[in-house]
**Student:** 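Following this message is one structure expressed as structure tokens.
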Amino acid sequence: MAEIEFELFNNQLLQQMVGPNDSNLKVIEETLNVEIGTFGNHINIKGSDENCKMAKEAIDSLYSKVSRGIEIGEQEVKAAIRLSGADIGNNKQIDLNDIVLKTKKRHIYPRSQTQAKYILEMMDNELVFGLGPAGTGKTYLAVALAVTMMLEGTIDKIILSRPAVEAGENLGFLPGDLKDKVDPYLRPLYDALYEMLPAEQVDKKLAAGEIEIAPLAFMRGRTLSNAFVILDEAQNTTPMQMKMFLTRLGENSRMVVNGDLSQVDLPRGVVSGLRDALGTLKNIKGISSVTFSAEDVVRHGLVAKIVCAYENRNKEEHDKDQD
């Protein structure tokens, strides 16, 4: 049994950090199997050595946030726990509390170690592949970084794209013109933008062409310079489509390609362009890939359990096929 004692000097911030009836500390206790006691400004943590250190890091992170005026609740507490003990490769010297994407409507922080690594990889590389299940923040964080870079003046344009692949639906039977038919496929990208920028600014930038949301087919024949380019649902591209998209990269641009290889909606026998690209482009400098898992799901807690259940079933089926 290990024990850590320390003191936080601002009592008002301490009260904000622990939450009503110590609710935030209780989340840490239950998650990490530790006991946390508060005595005035003193905090005492008991448990295994590793878990005590993780609890201390989580508390320090939460205290840092409230000291900067950030309101915290259960989701922020769980994020602090996921980030405790973080090892994000060559960026160990970076304080995870300093990783923040500043948009007009909110400041966005990583909520897992993988999210932190993903943000840093997008900052450091011209092309990043984000892989993993829904709900892990792949597209949301990419859009957040794109908006941040546009507000800073680093890039002039944001281009968001998805392949309009039919996932059991038939586009031909949907009402309206081409835009009406494909807009439902692009809706998650619109939703992310409206969470980060005032609606009038989003509409103005869309009208001016500073933000462009378009099906993948619209990218053919273009060179995308001074832009942040995001391809979502990339598992539903063919190898030819993926090559076409990746070769659009122009000067002073960033490109992020996101997808979930367990959710391919292509016709049977058609190779996913995302899988093909990962094999073809491995070991090329300036290209990075980050893989998310069910542990990184930041939606409703039940979503992570659903993802785990499907992953376990797929693994069992794969093991049977190998026997």
Side-chain angles (χ1 to χ4, degrees), residues 1-100 107-120 132 135-137 290-309 311-312:
M1 178 73 71
E3 185 173 353
I4 296 177
E5 290 189 16
F6 58 101
E7 184 176 3
L8 299 174
F9 295 97
N10 188 315
N11 190 59
Q12 184 177 358
L13 293 178
L14 175 59
Q15 293 306 311
Q16 293 178 38
M17 188 273 294
V18 302
N21 300 315
D22 293 346
S23 57
N24 293 337
L25 296 184
K26 290 175 182 176
V27 174
I28 298 175
E29 286 181 318
E30 293 173 1
T31 305
L32 295 177
N33 192 27
V34 296
E35 295 179 7
I36 304 176
T38 57
F39 313 94
N41 286 6
H42 291 267
I43 293 180
N44 176 277
I45 307 173
K46 295 180 181 179
S48 70
D49 184 57
E50 181 180 356
N51 286 5
C52 282
K53 290 177 181 177
M54 291 177 67
K56 170 68 162 55
E57 285 190 32
I59 290 172
D60 286 342
S61 174
L62 294 171
Y63 187 77
S64 173
K65 282 183 166 58
V66 296
S67 68
R68 287 181 284 170
I70 301 169
E71 293 185 11
I72 62 172
E74 183 176 351
Q75 291 304 315
E76 285 69 33
V77 177
K78 290 180 177 179
I81 296 169
R82 284 193 293 266
L83 287 165
S84 60
D87 178 358
I88 46 178
N90 296 326
N91 294 288
K92 291 180 181 179
Q93 72 278 12
I94 294 177
D95 185 344
L96 295 179
N97 291 310
D98 292 336
I99 302 176
V100 54
H107 289 183
I108 297 163
Y109 299 85
R111 291 192 168 188
S112 73
Q113 296 181 27
T114 310
Q115 285 194 353
K117 180 181 179 182
Y118 180 58
I119 293 172
L120 294 173
T136 51
V290 177
T291 302
F292 294 81
S293 70
E295 294 179 356
D296 300 299
V297 173
V298 293
R299 291 180 184 170
H300 191 287
L302 192 58
V303 175
K305 295 178 182 178
I306 292 170
V307 171
C308 279
E311 287 181 351
N312 291 336

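We're numbering straight along the sequence, starting at 1.
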**Student:** If you look at every heavy atom in H107 and V100, which pair is closest and at what distance?
**Tutor:**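 In this case the closest contact between H107 and V100 is CB-CG2, 3.8 Å.
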
**Student:** Counting only N and O atoms by type, is there a donor-acceptor contact under 3.5 Å from the side chain of D49 to the main-chain atoms of A2?
**Tutor:** no

**Student:** About how many Å separate NZ of K78 and CD of E76, when rounded to the nearest 0.5 Å?
**Tutor:** 11.0 Å

**Student:** Do L13 and L8 have side-chain heavy atoms sitting under 4.5 Å apart?
**Tutor:** no

**Student:** Write out all pairs satisfying side-chain hydrogen bond (donor to acceptor under 3.5 Å, both in side chains) with one or both partners inside residues 8-23, taking only residues at least two apart or from two chains.
**Tutor:**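 For residues 8-23, and leaving out neighbouring residues, there are no side-chain hydrogen bond (donor to acceptor under 3.5 Å, both in side chains) pairs at all.
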
**Student:** Could you pull out the closest heavy-atom pair between T114 and T291, with the gap in Å?
**Tutor:** CG2-O, 3.5 Å

**Student:** For the residue pair L14 and Y63, what are the closest heavy atoms and their distance?
**Tutor:** N-CE1, 4.1 Å

**Student:** Evaluate the side-chain proximity of I43 to I4: yes if any heavy-atom separation is below 4.5 Å, no if none is.
**Tutor:** no

**Student:** Between N44 and E3, is there a side-chain donor-acceptor contact under 3.5 Å, judged purely by atom types and distance?
**Tutor:**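 Yes, a side-chain donor-acceptor pair sits under 3.5 Å.
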
**Student:** Salt bridge between E57 and K53, side-chain N to carboxylate O under 4.0 Å?
**Tutor:** no

**Student:** Might you work through the side chain to side chain contact (heavy atoms under 4.5 Å, CB included) test for V18 and I59, ending with a clear yes or no?
**Tutor:** CA-CA 9 Å; V18 302; I59 290 172; over 6 Å; no

**Student:** So E5 and H42, do their side chains get closer than 4.5 Å, heavy atoms only?
**Tutor:**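 No, too far: nothing below the 4.5 Å cut-off.
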
**Student:** Which heavy-atom pair separates N24 from M17 by the least distance, and what is that distance?
**Tutor:**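 Nearest heavy atoms, N24 then M17: ND2-O, 2.8 Å.
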
**Student:** Side chain to side chain contact (heavy atoms under 4.5 Å, CB included) with T31: which of I28, N33, V27?
**Tutor:** V27

**Student:** Are side-chain heavy atoms of V34 and I45 found at a separation under 4.5 Å?
**Tutor:** yes

**Student:** Please report the closest heavy-atom contact between Y109 and Q115, naming both atoms and the distance.
**Tutor:** O-OE1, 4.3 Å

**Student:** Closest approach of E295 and R82, non-hydrogen atoms and distance?
**Tutor:**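 Closest pair (atom of E295, atom of R82, distance): O-CD, 3.6 Å.
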
**Student:** Roughly how far, to the nearest 0.5 Å, is CD1 of I119 from CD1 of I99?
**Tutor:**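 Separation between the atoms: 6.0 Å.
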
**Student:** Looking at K65 and E71, does any basic side-chain N land under 4.0 Å from a carboxylate oxygen?
**Tutor:** no

**Student:** Taking C-beta and beyond as the side chain, do F292 and V297 meet within less than 4.5 Å on heavy atoms?
**Tutor:** no

**Student:** Just by distance, with hydrogens left out, do D296 and S112 show a side-chain donor and acceptor under 3.5 Å apart?
**Tutor:** yes

